[in-house]
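Beneath this line is the structure, given in structure tokens, with notes to follow.
Here is the naming used below: chain letters follow the sequence lines, and residue numbers restart at 1 for every chain.
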There are 2 protein chains.
Amino acid sequence: MATTEILTAERILEATEEVLRRHGPAKATVVDVARVLGVSHGSVYRHFRTKAALREAVTKRWLDRTSEELAGIVAADRDPEARLRDWLAALFAAKRRKAGDDPELFATYRVLAGENGEATGRHLADLTGQLTEIVRAGVDAGVFTTADPATAARALFHATGRFHDPVYAPEWEQPGIDAEFEAVMDLVLRGLRA
Amino acid sequence: MATTEILTAERILEATEEVLRRHGPAKATVVDVARVLGVSHGSVYRHFRTKAALREAVTKRWLDRTSEELAGIVAADRDPEARLRDWLAALFAAKRRKAGDDPELFATYRVLAGENGEATGRHLADLTGQLTEIVRAGVDAGVFTTADPATAARALFHATGRFHDPVYAPEWEQPGIDAEFEAVMDLVLRGLRA
DNA sequence: CAGCTGACAGATTTCAATATCTGTCAGCTG
DNA sequence: CAGCTGACAGATATTGAAATCTGTCAGCTG
């Protein structure tokens, strides 16, 4: 690839994703990343202080992409219950799609997410923040009832964990899963309604 | 130990638990079990056709002990909502206690449960069966509303997974966990009430 | 002769030597 | 002289030979 281009953090992150996709998280080395870019591995260390920092940056990028996908639904101009259903369904669909399309890469991100709890923690806070917004809108509109929207949002997130937590990814391909998702959604939405 | 006693499946299972507790799932061998019993490992194979069968039997025993603990609550003479709360709280407490008291043994059972999906599957069916009984009692008493108690029971079980699925065990020691459990319980119970 | 032993073949695990990787930095290059 | 290289030390991973384990079975023993 165009060895004349200057080496940016962005280009390194793209190359790292490439290497992770190819080799998986256990065998992806900084030397591999440098080779893909046609530079020495010393140059990579100019942009990322450690291999852990590089992996964290890749993870953050990936998590942020998911957050952005969902932010659109929060801002949509629909009634809160429909938005809530859409948001949870979209989260499930996005995770399932990613897990199904490229299981190797998905497993890789599972490992990375497990490694740096900080980036993952911020991402979870971000998602429950989005949920809180929808719940609050519902309370304001009089269609939801709850003492504390933030607590309710966290409860919703935990209650639907089976349909977005990556540890359950293998079960997302089983036949009855959609009916199970509907059952849980119906249960928690009934619990939220005024 | 009493080498004069005859070798029963039960004695082998006890010795196996002992070995698993000591060495963990990865390093527990049939030879170790035989050594604890003071017999040759060939004798163990007289009672269990393979090492996998032995591990499955140990797992089943462990899972059945949990089921029995909870069965008492299902049969209790209290109103269904209280029984449901008790049952879910007891499941959480039992799992948390086991994980906290002997993390090594708990991790061992996690591995074993992952290995033989069949025994685990039957156990989950057993637990949701217990839940279904409580839900049905609630519907009959007019305090719960649901189209199908069995589906509702499965939804309840999934929604509270964070508080009984062993993959979440590390989080059960974190400070806010009880409040989170209460929040999820309140949400799903509101969703179930008539 | 029912129940156990222990030697055995093939599969799996351990261990130590060898190779590769991470992170640094003095010096090269355009 | 900003940005890159490549040699280096210590840490980590790979590899293959040796040790151990699984599962079988002919024969021992009480």
Side-chain angles (χ1 to χ4, degrees), chain A residues 1-60 104 107-108 110-112 114-116 118-119, chain B residues 1-60 104 107-108 111-112 114-116 119:
Chain A
M1 324 231 166
T3 47
T4 57
E5 268 180 54
I6 51 162
L7 188 62
T8 61
E10 184 63 22
R11 280 186 65 216
I12 293 173
L13 289 176
E14 260 154 39
T16 306
E17 284 205 349
E18 168 78 10
V19 170
L20 284 170
R21 193 192 311 280
R22 273 230 232 291
H23 300 347
K27 308 217 290 179
T29 73
V30 176
V31 173
D32 288 332
V33 173
R35 186 162 29 236
V36 165
L37 290 164
V39 299
S40 90
H41 75 280
S43 301
V44 173
Y45 281 96
R46 176 160 296 280
H47 292 85
F48 296 93
R49 279 208 354 280
T50 64
K51 184 185 184 179
L54 175 57
R55 302 186 110 186
E56 175 159 358
V58 170
T59 305
K60 186 176 182 315
E104 173 76 8
T108 295
R110 278 227 296 128
V111 173
L112 296 187
E115 269 171 18
N116 54 72
E118 203 186 334
Chain B
M1 327 228 162
T3 48
T4 57
E5 269 180 54
I6 52 163
L7 189 61
T8 61
E10 185 61 24
R11 280 186 66 217
I12 293 174
L13 290 176
E14 259 154 40
T16 306
E17 284 205 350
E18 168 78 11
V19 170
L20 284 170
R21 188 191 314 309
R22 274 229 229 294
H23 299 350
K27 307 216 290 177
T29 73
V30 176
V31 173
D32 289 333
V33 174
R35 186 164 26 240
V36 166
L37 290 164
V39 299
S40 90
H41 75 281
S43 300
V44 174
Y45 280 97
R46 177 161 295 280
H47 293 85
F48 297 94
R49 280 211 350 282
T50 64
K51 185 184 184 179
L54 175 57
R55 302 185 112 186
E56 175 161 357
V58 171
T59 305
K60 185 177 183 315
E104 173 77 8
T108 294
V111 172
L112 296 187
E115 268 172 19
N116 53 73

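- If you take NZ on K27(B) and CG on D32(B), they are separated by 9.5 Å, rounding to the nearest 0.5 Å.
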Short heteroatom pairs, N/O only, protein and nucleotides 13-20 of chain D, under 3.5 Å:
none

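- The environment of E10(B) atom CD is dense: over 12 non-hydrogen atoms of other residues, nucleotides or ligands sit within 6.0 angstrom.
- Between dC4(C) and S43(B), no contact under 4.0 Å exists linking OP1 or OP2 to a side-chain N or O.
- Judged purely by atom type and a 3.5 angstrom limit, R11(A) uses its side chain to pair as donor or acceptor with the backbone of I6(A).
- With rounding to the nearest 0.5 angstrom, the CD atom of E56(B) is 10.0 Å from the CG atom of L112(B).
- When atom types are taken as modelled, the side chain of R22(A) and the backbone of A28(A) share no donor-acceptor pair closer than 3.5 angstrom.
- Between R35(A) atom CZ and dG6(D) atom C1' there is a gap of 15 Å when expressed in whole angstrom units.
- To the nearest 0.5 angstrom, L54(A) atom CG is 4.0 Å from T16(A) atom OG1.
- Of all the heavy atoms in L7(A) and H47(A), the pair that sits closest is O-NE2, 3.0 Å.
- For H47(A), whose side chain is taken as the heavy atoms from C-beta onward, the closest listed nucleotide among dT22(D), dC4(D), dT5(D) is dC4(D).
- To the nearest 0.5 Å, atoms CG (L20(A)) and OG1 (T59(A)) are separated by 8.5 Å.
- Distance L7(B) CG to dT5(C) C1': 13 Å, rounded to the nearest Å.
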Please enumerate all protein N or O atoms sitting under 3.5 Å from an N or O of nucleotides 23-30 of chain D, with distances to 0.1 Å.
{"residue": "dG23(D)", "atom": "OP2", "partner": "Y45(B)", "partner atom": "OH", "Å": "3.0"}
{"residue": "dG23(D)", "atom": "OP2", "partner": "K51(B)", "partner atom": "N", "Å": "2.6"}
{"residue": "dG23(D)", "atom": "N7", "partner": "H41(B)", "partner atom": "NE2", "Å": "3.3"}
{"residue": "dG23(D)", "atom": "O6", "partner": "H41(B)", "partner atom": "NE2", "Å": "3.0"}

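- The distance between atom CG of D32(A) and atom P of dT20(C), rounded to the nearest whole Å, is 12 Å.
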Dot-bracket notation for DNA chain D is requested: 5' to 3', Watson-Crick or G-U wobble pairs only, both distances under 3.5 Å, with ( ), [ ], | and . as defined. ||||||||||||||||||||||||||||||
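- Nearest approach of A9(A) to F48(A), heavy atoms of both residues: CB-CZ, 4.0 Å.
- Between the NZ atom of K51(A) and the CZ atom of R55(A) there is a distance of 5.0 Å, given to the nearest 0.5 Å.
- In this entry the distance linking CZ of F48(B) with P of dC4(C) reads 13 Å, nearest Å.
- Here the closest non-hydrogen pair linking P25(B) and T108(B) is CD-OG1, 3.0 Å.
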